[in-house]
Each structure stands twice: as structure tokens, then as C-alpha cells.
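Below, read A as the first sequence line, B as the second, and so on, with proteins coming before strands; counting in each chain starts at 1.
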Amino acid sequence: MPSPFSINGGACVAMVGKDCVAIACDLRLGLQALTVSNNFPKIFQYGDHVFLGLTGLATDVTTVSDLFRYKVNMYRLREERHIAPRTFANLVSSSLYERRFGPWFVSPVVAGLEPKTGKPFICGFDSIGCIDFAKDFIVSGTATDQLFGMCESLWEPDLGPDELFETISQALLNAVDRDALSGWGAHVYIIEKDKVTKRLLKGRQD
Amino acid sequence: MRGPTILKATDDKTRQLNDHTLLAFSGEPGDTVQFAEYIQANSQLYSMRNESELSPSALAHFVRGELASSLRSRNPYSVNLLLGGVDPITNKPSLYWLDYLASLAKVPYAAHGYAQYYCLSLLDKHHNPNISLEEGLRLLKLCSDELKRRLPIDFKGLAVKAVTKDGIKAMPFDEDDKVVRDT
């Protein structure tokens, strides 16, 4: 049980749709079975169309999200442009591998739209930065098994923004209800070319 | 406490960071006071240099940064913290929960250690966002009674301090100190 990845609990999922992507996370922060907070978001924005989801050890979720805020701000100042999702994914990968023999205990998920083409981009990582590119969905956190099951059965290609919202929400909500360490509400982001919609789902509070 | 012996029954486990922010701590004896006073000194240094005070949110994130860098050092601090304060500009009160891993959460009410298991359920049931100081003290009495009732060892009661927009003051609390036996 004392795996750093499952002390605090939490879940995150990203999905590709037609000219849009979605990323969602739960809101629980716990200490083993005890829930400490039900308002601990795990998705962070690093540009107009670049999002990072972080599950794992809560302290590293905060440290790593702060670290990337610093790195992305420095990138923007040096390059005088926003970072692209694929570039950001490579930044995440190399930053995690820097800590190869004492890793951050996080499982990151990147979701976004490519700046010029507007093509959806999602990928996931292990804690030492190995990238997992996917053209359907990426899951992470203590509810990965449940999320894989939900996504495999609900996801289909070329979902529009509204259908994608329904699909990702149902996948996350029903996955975390079968995991004791995740849940207590959710944040869902739907990312389109000229619009990002953030929705708060209440979810089961028990 | 040293093994089964109580060395002091009225140890104040809080440090005042500035006029309207209070830090309460528990954990490894030695680490706790050392870390809390380090934070206290740096907060006071900031107040003197800039003639303005850090907000509770700013202090909480500063404390987290220090604790997080300590976590991955040769000998990390084992300190659990609660940081309560009133923002000097907006007059909004806030409470931050930090554990020794430097997990930070902004919460409406919190506890550390065994008190979490005994008190959080009481607080879930009776707390509301607009609770007054008097109601709050009454709720704290419920928590203190529950701890007296359920903890196998006498924990020597609580020291209560109130942080308001006018400052921090120690509150009279549970002075009759009756033995709580049963529900």
C-alpha cells in the first residue's frame, strides 16, 4: 500500500474527438482511505490549447505543475510565442528523465491542439518520462484499470465536442465510482480551435 | 511526551507569522519548533523589509516550497502544519492544510494525526461556511470532548487561539475541564 503513487489517490483521462480534445480529472485529495480535501484539481493550463493532467503523489503534483509553469514562462519569453503541445510533451519527457534515479511520483497526461493544423494531440508518460502517444485516449491515476474499461467501451472515432464531453464525463464518473481513492467531483475541459470550455461535475460525494 | 512520560502539559504548538497569520504544528519533536521558527523569522523579515505583510495564501505557498525542498534533502523535516490567517486586504479568512510530504490543500476545516479520524466527521456534520466565532468554539468543544472520550491516553486538552481581522488572541476554552466519560 505505501506506494507513493497511491497515497493521495486521483484519476485523469484525455480523449480525442473530431477537431477537439477533452481532458478530465477528479478532485479528491486523501491520505490512504481518509479524504482530506474534495477540491484538489489535477489539470493545469500552459497555453491557449495546452493542458497537463497530473496524478500521483500530491506534493509532486504541485511541485511538478509549478516547475512547468516556470519552464513554459521561460520558453515563452525566449521564443516570443506560445508552446505547442508536442513541444511541451517533449519538455515534460526530458524534465522527468532528468530525475531518472529519484523520480517525481507523477503520471502526466498532455492534451491539446496543434497550433497551425488544429489537429488533436494527446499523450501520456510514465514517471521517468517515457512518452505514450495515442490516437484515441490516455488514462492515469489510481483508477487506470477502471478508466481503460470505460474508455474502451464508450469511446469512438470523430466525436463532436458535445458528444465528447458526454463520453469523457461518463467514463471518468463511472470509473472513479469503482475506485475508493478517486472521485469527489470532477473538472472537464473541452478544447476546440477557438473555444475552451471548463465544466465542474459534482459527482458522488461519498 | 517522552515515551510514556508527560514532560509538559501546556506546550504551545503555534507560532505567529505576522499580525493575522498563525501556524500550528505537530510531528517530530525538535523538527517542529525549528521549522516553525524558521518560517516565523522569514515571514517577519519580509514584513520588516517591505513594510507590508504576506497574505495567508502567499505564506502557505512559501511554507510548502520550503517543506518540499526539505522533503528531498538528506534529512527532511517531519512536520505537519495548519496555517490559518485573514487576508489583510480582502479581510477574507482562510485555512491551509500541509503534511510532512508538503501536500498543500486549502480547506474549510482540518486536523492532523488521530484528531482527523475523531473530529473530521463532526466537522463535516456541523460546519457551515458562515459559522460565527461563538458557534466555532462550541463546535471545537464537541471535537475536544470526542477526543477526551475516545483517545486512550489523556491528551491534556486544547489551547485555542482565534485569528480575526483585528489580530490573534488566545481564547478561554473548556475551563471547567470536566471528565467526559460516555455519550
Side-chain angles (χ1 to χ4, degrees), chain A residues 1-10 25-42 44 54-70 95-96 98-106 127-128 141-142 181-185 187 204-206, chain B residues 24 26-27 35 57-84 92 94-125 127-129 143 150:
Chain A
M1 192 61 210
S3 157
F5 289 100
S6 56
I7 294 173
N8 302 117
C25 69
D26 74 332
L27 295 181
R28 182 177 182 269
L29 169 75
L31 273 180
Q32 319 244 53
L34 178 84
T35 301
V36 172
S37 171
N38 51 12
N39 189 17
F40 190 82
K42 294 160 192 76
F44 307 89
L54 288 166
T55 60
L57 193 69
T59 182
D60 288 352
V61 169
T62 314
T63 307
V64 169
S65 67
D66 288 356
L67 180 73
F68 284 126
R69 186 176 59 196
Y70 166 73
S95 302
L96 289 175
E98 272 181 14
R99 289 267 184 278
R100 171 62 178 81
F101 297 111
W104 303 116
F105 298 106
V106 288
S127 60
I128 53 170
T142 54
L181 301 183
S182 316
W184 290 79
H187 279 181
R204 275 176 69 135
Q205 299 287 316
D206 63 356
Chain B
S26 73
F35 184 75
S57 149
L59 275 167
H61 284 88
F62 168 66
V63 176
R64 202 206 84 84
E66 292 300 316
L67 207 53
S69 51
S70 140
L71 181 70
R72 283 165 193 274
S73 71
R74 188 52 116 67
N75 38 8
Y77 287 112
S78 320
V79 193
N80 299 314
L81 303 157
L82 293 176
L83 188 146
K92 286 233 173 69
S94 53
L95 173 64
Y96 292 87
W97 176 96
L98 282 129
D99 70 2
Y100 72 102
L101 296 170
S103 316
L104 173 69
K106 188 173 186 288
V107 286
Y109 43 83
H112 273 300
Y114 284 117
Q116 291 186 116
Y117 300 106
Y118 295 118
C119 301
L120 285 186
S121 51
L122 276 167
L123 292 161
D124 281 338
K125 188 166 173 64
H127 182 272
N128 69 295
C143 293
R150 303 290 177 185

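- Heavy atoms of B:Ala110 lying under 4.5 Å from chain A are absent altogether.
- Proximity to chain A (any heavy atom under 4.5 Å) is restricted, for B:Leu71, to the side chain, taken from C-beta onward.
- For the residue pair B:Ala60 and B:Leu104, the shortest heavy atom distance occurs at CB-CD1, 4.1 Å.
- Here the closest heavy-atom approach between residue B:Leu67 and residue B:Val79 is recorded as CD2-O, 4.0 Å.
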Between chain A and chain B, identify all donor-acceptor pairs below 3.5 angstrom, including backbone and side-chain atoms.
{"from": "A:Thr59", "atom 1": "O", "to": "B:Arg64", "atom 2": "NH1", "distance (Å)": "3.2"}
{"from": "A:Thr59", "atom 1": "OG1", "to": "B:Arg64", "atom 2": "NH1", "distance (Å)": "3.3"}
{"from": "A:Thr59", "atom 1": "OG1", "to": "B:Leu101", "atom 2": "O", "distance (Å)": "2.6"}
{"from": "A:Thr59", "atom 1": "OG1", "to": "B:Ala102", "atom 2": "O", "distance (Å)": "3.3"}
{"from": "A:Asp60", "atom 1": "OD1", "to": "B:Arg72", "atom 2": "NH2", "distance (Å)": "3.1"}
{"from": "A:Asp60", "atom 1": "OD2", "to": "B:Arg72", "atom 2": "NH2", "distance (Å)": "2.5"}
{"from": "A:Thr63", "atom 1": "OG1", "to": "B:Arg64", "atom 2": "NH2", "distance (Å)": "2.8"}
{"from": "A:Pro103", "atom 1": "O", "to": "B:Arg72", "atom 2": "NH1", "distance (Å)": "3.3"}

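- Closest approach of A:Ile128 and A:Pro103 over heavy atoms only: CG2-CB, 3.9 Å.
- Contact annotation for B:Leu101: both backbone and side-chain heavy atoms come within less than 4.5 Å of a heavy atom of chain A.
- Between A:Ile7 and A:Phe105, the closest side-chain pair of non-hydrogen atoms is not below 4.5 Å.
- The two residues A:Leu27 and A:Pro41 make their nearest non-hydrogen contact at CD2-CA, 3.8 Å.
- Interface remark: of the candidates A:Leu29, A:Leu31, A:Val61, A:Leu31 forms the most heavy-atom pairs closer than 4.5 Å to chain B.
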